Amino acid sequence: LHSPDGKTAIRISVRDSLQYSVLYHGQTLLQPATVNVTLSDSGQGRWKVAGTKKTTVSQLLHPVVRQKFAAIPDHYEQLQINFKNHSALQWRAYNNGIAWRWLINAKGSYQVLNEEAGFALHTKDSAWYPVEESFFSHNERLYKHLAVEDIREKKSLASLPALFKTGGINLLITETALHDYAGMWLQGNGSSTLQAVFPHYPAAKKLTSDRDEHVESREHFIAKKEGPAQLPWRIVMIAPEDKDLLVNELPYQLAAPSTGDFSWVKPGKAIWDWWNYNNIYHVDFRAGINTATYKYYIDFAAKYGLEYVVLDEGWSDTRNLLQSVPDVDMEELSRYAAGKKVGIILWTTWLALDQQLDAAMDLFAKWHIKGVKVDFMQRD
């Protein structure tokens, strides 16, 4: 399968296992590596091809809420390989990357026991690799600059995205269309091939703080499914120059299209108190998480045409969204912001919101809150 400009080629081999490799201008970017999926209701063994179909697509996407562009060219070549075990593997080649996903045509309930995705790099390739300690992560890791040969160990777990450079070409590995499924992570496997790993479905969980829920034990499967399913897209962005990564929209292009009416979403610029840690100067009040400071922010937003003010952690009891702290008068701030035509966005932990969703939404609506910032989920 070739990209529309002919520069990128995906070679797919179907024998006892399924393997792929990626070339760019004839240069091997990714060496042969295995992809696979194992379901609870299907026997495994040799893959038998039932048929293939190639498709060319050239369209213009218009995001409901602007991404990096108001309109995104979406041009690709697609190859779908249908197998006799009621699954299919869909490949796409773009001018700026490649992607694949599994399509499952099953009836009733079943489990995805495992998915395999290898990325066969070269030993001396460079990596910018967000090393993780475990699957429990807030995804704010420092990117370590390593050689691929230095991340062979299985303890070298990383979240996505992860960036590599081979022969002067950037390769960024990520995913999209992640629904009801475990997130993909990367791990060394003793060679220059990095292997996708997936946190298995939680069997037992334990709350350990006002925001942390640890998985105490896991099931033997990745995900539970019912009927036909589309698994997430695995993406490898290809960028000859660093700047090309900044304008790569493949995660958006491959994501599931929006459904429903999103006319109520009003994008805008926001003041975020966390950036300046509520430090403001030359005022006649003590700066901090209090009504006077947030009024100052609202005045600033109104003066400079900024649409929102974010009240980050501290405005409420972190376990109770219905209780603001004594120094913050939400009724007064609501009235004041409305008079200045500035919207308020409130921070919450996922846990408090999950436990108080209906009551919190009713109260936030009363306060004319325009949005919520949900934080610290720590799991995918």
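If you're wondering where the values come from, they're calculated on a predicted model, not measured in any experiment.
There is no side-chain donor-acceptor pair under 3.5 Å between Arg15 and Ser17. Inspection of the Asp380 and Trp185 side chains reveals an N or O donor paired with an N or O acceptor under 3.5 Å. Checked by atom type, the side-chain pair Tyr297/Asn278 shows a donor-acceptor distance below 3.5 Å. The closest side-chain donor-acceptor pair between Tyr181 and Glu115 falls under 3.5 angstrom. Asp125 and Thr123 share no side-chain donor-acceptor pair at under 3.5 Å. For the residue pair Asp244/Asn96, the side-chain donor-acceptor check at 3.5 Å is not satisfied. With 3.5 Å as the limit, one finds no donor-acceptor pair spanning the side chains of Gln31 and Ser21. For the 3.5 Å distance criterion, the side chains of Thr56 and Glu77 qualify, holding a donor opposite an acceptor. Judged by distance alone, the side chains of Asn85 and Ser87 do bring a donor and an acceptor atom under 3.5 Å apart. Under the 3.5 Å distance criterion, with hydrogens and angles disregarded, a donor-acceptor pair is assigned to the side chains of Tyr294 and Asp273. Of the N and O atoms on the side chains of His122 and Ser192, not one donor lies less than 3.5 Å from an acceptor on the other residue. A donor-acceptor contact closer than 3.5 angstrom is absent between the side chains of Thr291 and Glu332.
Put simply, the side chain of Ser137 does not reach to within 4.5 Å of the side chain of Gln378, judged on heavy atoms. You'll find the side chain of Ile238 reaches within 4.5 Å of the side chain of Tyr24, heavy atoms only. A heavy-atom distance below 4.5 Å is not found between the side chains of Leu351 and Phe376. For the pair Gln195/Glu116, a side-chain contact is recorded, criterion being any heavy-atom separation below 4.5 Å from C-beta on. Taking the side chain as every heavy atom from C-beta outward, Val49 and Asn82 never approach each other to under 4.5 Å. With a 4.5 Å cut-off on side-chain heavy atoms, Met237 and Pro251 count as touching. Proximity of Ile12 to Ile81: side-chain heavy atoms (C-beta onward) are separated by under 4.5 Å at one or more points.
Here Gln78 pairs with Thr55, Tyr76, Gln80, Gln90, Arg92 under the side-chain contact (heavy atoms from CB on, under 4.5 Å) rule; sequence neighbours left out.
Here Ile271 contributes atom CD1 and Leu311 contributes atom CG; the two are 10.5 Å apart, rounded to the nearest 0.5 Å. Here the straight-line distance linking atom OG of Ser126 with atom NZ of Lys165 works out to 7.5 Å at 0.5 Å rounding.
Ring pair Trp275/Trp272 is perpendicular by interplanar angle, where above 60° counts as perpendicular and below 30° as parallel. Ring planes of His145 and Trp128: parallel class, angle under 30° (limits at 30 and 60°). Between Phe83 and Trp102, the angle of the ring planes lies from 30° to 60°, which puts this pair in the tilted group. Between Tyr20 and Trp100, the two ring planes are tilted [angle within 30° to 60°].
Ion pairing between Lys266 and Glu307 fails under the 4.0 Å rule for side-chain N and carboxylate O.
You'll find the ring centres of Tyr296 and Phe300 outside the 6.0 Å limit.
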### Task
Please step through salt bridge (Lys or Arg N to Asp or Glu O under 4.0 Å) for the pair Glu175 and Arg101, ending with a clear verdict.
CA-CA 10 Å; Glu175 66 179 340; Arg101 69 172 172 182; over 6 Å; no
### CA sep, side-chain torsions, deciding dist, call: Lys205, Glu216, salt bridge (Lys or Arg N to Asp or Glu O under 4.0 Å)
CA-CA 5 Å; Lys205 300 173 289 185; Glu216 300 287 288; over 6 Å; no
### Query
Could you go step by step and tell me if Asp261 and Ser263 meet the side-chain hydrogen bond (donor to acceptor under 3.5 Å, both in side chains) rule?
CA-CA 6 Å; Asp261 177 15; Ser263 60; 2.8 Å; yes
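At least one donor-acceptor pair under 3.5 Å links the side chain of Tyr129 to the backbone N or O of Ser156. Distance alone, capped at 3.5 Å, places no donor-acceptor pair between the Lys366 side chain and the Met361 backbone. Using modelled atom types, one side-chain atom of Ser3 and one backbone atom of Thr8 make a donor-acceptor pair closer than 3.5 Å.
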Distance-only donor-acceptor pairs under 3.5 Å for side chains of residues 338-349, two or more places apart:
{"unit_1": "Lys340", "atom_1": "NZ", "unit_2": "Asp299", "atom_2": "OD1", "d": "3.4"}
{"unit_1": "Trp347", "atom_1": "NE1", "unit_2": "Asp375", "atom_2": "OD2", "d": "2.9"}
{"unit_1": "Thr349", "atom_1": "OG1", "unit_2": "Ala352", "atom_2": "N", "d": "3.0"}

